[in-house]
Amino acid sequence: MKLATWNVNSLKVRLPHLLDWLQQSQADVVCLQETKTEDANFPRAEIEAAGYQAAFAGQKTYNGVAILSRQPLQDVQVGIPGLADEQKRVLAVTVGTTRIIDLYVPNGQSVDSDKYQYKLKWLEALADWLKAELAQYPELAVLGDFNIAPEDRDVYDPAAWAGQVLCSESERAHFRALLGLGLKDGFRLFEQPEKSYSWWDYRQGAFRRNMGLRIDHILLSPALARRCTACTVDTAPRKLERPSDHAPVIAEIG
DNA sequence: ATGGCGCGCGCAGCGCGA
C-alpha cells in the first residue's frame, strides 16, 4: 500500500499534474492540502475517473484538505474534535483497517505573530487528539504539510533559519512531542540522501539551487512503521511548468 | 534594501504562503 501527501497549492490549477502523478505513482491513498476549493467545486468526476474515491473539506481561497483512495473511505471526520477552528485543515478517514489523518498545520507567519500563537495552540490540541487516536487505531498514519522542519538537517541554511518560523524551538518541540506519542517519522526510518527537502520557495530559483525545507511528513504508528519498506520525496512534479511549491512524499507499507 | 513568486479574488492590487 502506497500512502502519499502533497500540498498542491490550488487543486484547480494543479489538477493536470495531480492526475498525471496518480497514474505514475500508483499511490493508493493521497492526502492533499491547500486545495483552496469549496466542496461544491471539488473535481469529483475527474478524480473518480482516475480510479479514486474522495473525501474533502474545502473553503474558498485558503486551506482545504482532501483524501483520495482507491479503496472505499469510511468514517470521515473533519477537524480536530473539541478545537473550534473555521479553517479547513484536518480530515480523517478509515481505509480498510488503517486510519488516515490529513493535516495542513498552520504556517504561523512569523514567531512574533498572532498566527504563530494560533499554530502552537493548534499543535497542542493536535497532540491530545493523536494520543487518543493512537489508542483507538493501532494502524494510524498522519500525513501532511506540518509546516515544521524538525531538525537542522531538514533546512538548507540552518543558520539563516535559526529561530525563524517553521524552525523555531517551540515548533520543533511540538513535533518531537508527536514522536513521543510513539509515532515514527517515516522518512527517517531509512537512510536518505543529504539535503532532502519537500518545499522550495518559488523565488530566486530556490528549487534549482535546492534551497528547501523538509516540512511535509508521514508519521506512522509503531504497527505501520514496522511494515514500512520505503519513504521518499518525489521531486519530479516540482520540475514541471507551473508546479506546486511542494513535492509529494510517499511511503510504502508492506 | 524586506524585495524576489504564485495563488485567489476579481479586475487593481492586496493578503497570504513558508
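Quick note on labels: first sequence line is chain A, next is B, and so on, each numbered from 1.
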Rounded to whole Å, how long is the line connecting atom [atom1] of [X] with atom [atom2] of [N]?
| X | N | atom1 | atom2 | answer |
| --- | --- | --- | --- | --- |
| Asp245(A) | dG8(B) | CG | C1' | 14 Å |
| Gln204(A) | dT2(B) | CD | C1' | 11 Å |
| Tyr62(A) | dC16(B) | OH | P | 5 Å |
| Arg208(A) | dC5(B) | CZ | P | 13 Å |
| Leu11(A) | dC7(B) | CG | P | 13 Å |
| Arg14(A) | dG17(B) | CZ | P | 17 Å |
| Lys60(A) | dG8(B) | NZ | C1' | 10 Å |
| Trp161(A) | dG17(B) | CH2 | C1' | 11 Å |

For [N] and [M], measure between their [atom1] atoms and round to the nearest Å.
| N | M | atom1 | result |
| --- | --- | --- | --- |
| dG10(B) | dC16(B) | P | 15 Å |
| dT2(B) | dA18(B) | P | 24 Å |
| dA1(B) | dA12(B) | P | 35 Å |

I want to verify the glycosidic state of dG6(B); is it syn or anti under the 90° rule? anti
Could you check whether [X] gets within reach of a base, just the sugar-phosphate, or nothing at all, counting any heavy atom under 4.0 Å?
| X | answer |
| --- | --- |
| Asn63(A) | nothing |
| Val165(A) | nothing |
| Asp201(A) | nothing |
| Asp216(A) | nothing |
| Gln164(A) | nothing |
| Phe146(A) | nothing |

Between His246(A) and Ile215(A), is any pair of side-chain heavy atoms under 4.5 Å apart? yes
Quick check: do Asp28(A) and Gln71(A) have side-chain heavy atoms less than 4.5 Å from each other? no
Determine: side-chain N/O of [X] to OP1/OP2 of [N], distance under 4.0 Å, yes or no.
| X | N | result |
| --- | --- | --- |
| Asn7(A) | dA18(B) | yes |
| Arg203(A) | dG17(B) | no |
| Tyr202(A) | dG3(B) | no |
| His246(A) | dG17(B) | no |
| Asn9(A) | dG6(B) | no |

Please tell me which of Lys115(A) and Thr61(A) maps to the more 5' nucleotide of DNA chain B, matching each residue to the nucleotide holding its nearest heavy atom. Thr61(A)
Measure up the Phe207(A) and Trp200(A) rings against each other and bin them: parallel (under 30°), tilted (30 to 60°), perpendicular (over 60°).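 Correct class here is perpendicular.
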Ignoring hydrogens and angles, are the base of dA18(B) and the side chain of Asn107(A) linked by a donor-acceptor pair under 3.5 Å? yes
Would one find more than 12 heavy atoms of other residues, nucleotides or ligands at under 6.0 Å from atom CD of Gln23(A)? no
Write down the partner of dG6(B) under the Watson-Crick or G-U wobble criteria, each distance required to be under 3.5 Å. dC16(B)
With distance as the sole test, does [X] use its side chain to make a donor-acceptor pair with the main-chain N or O of [Y] at under 3.5 Å?
| X | Y | result |
| --- | --- | --- |
| Ser244(A) | Asn7(A) | yes |
| Arg238(A) | Asp245(A) | yes |
| Trp6(A) | Val30(A) | no |

What nucleotide among dA18(B), dG17(B), dC7(B) has an atom nearest to a side-chain atom of Arg89(A)? dG17(B)
Nearest of dG4(B), dA18(B), dC7(B) to any side-chain atom of Ser10(A)? dC7(B)
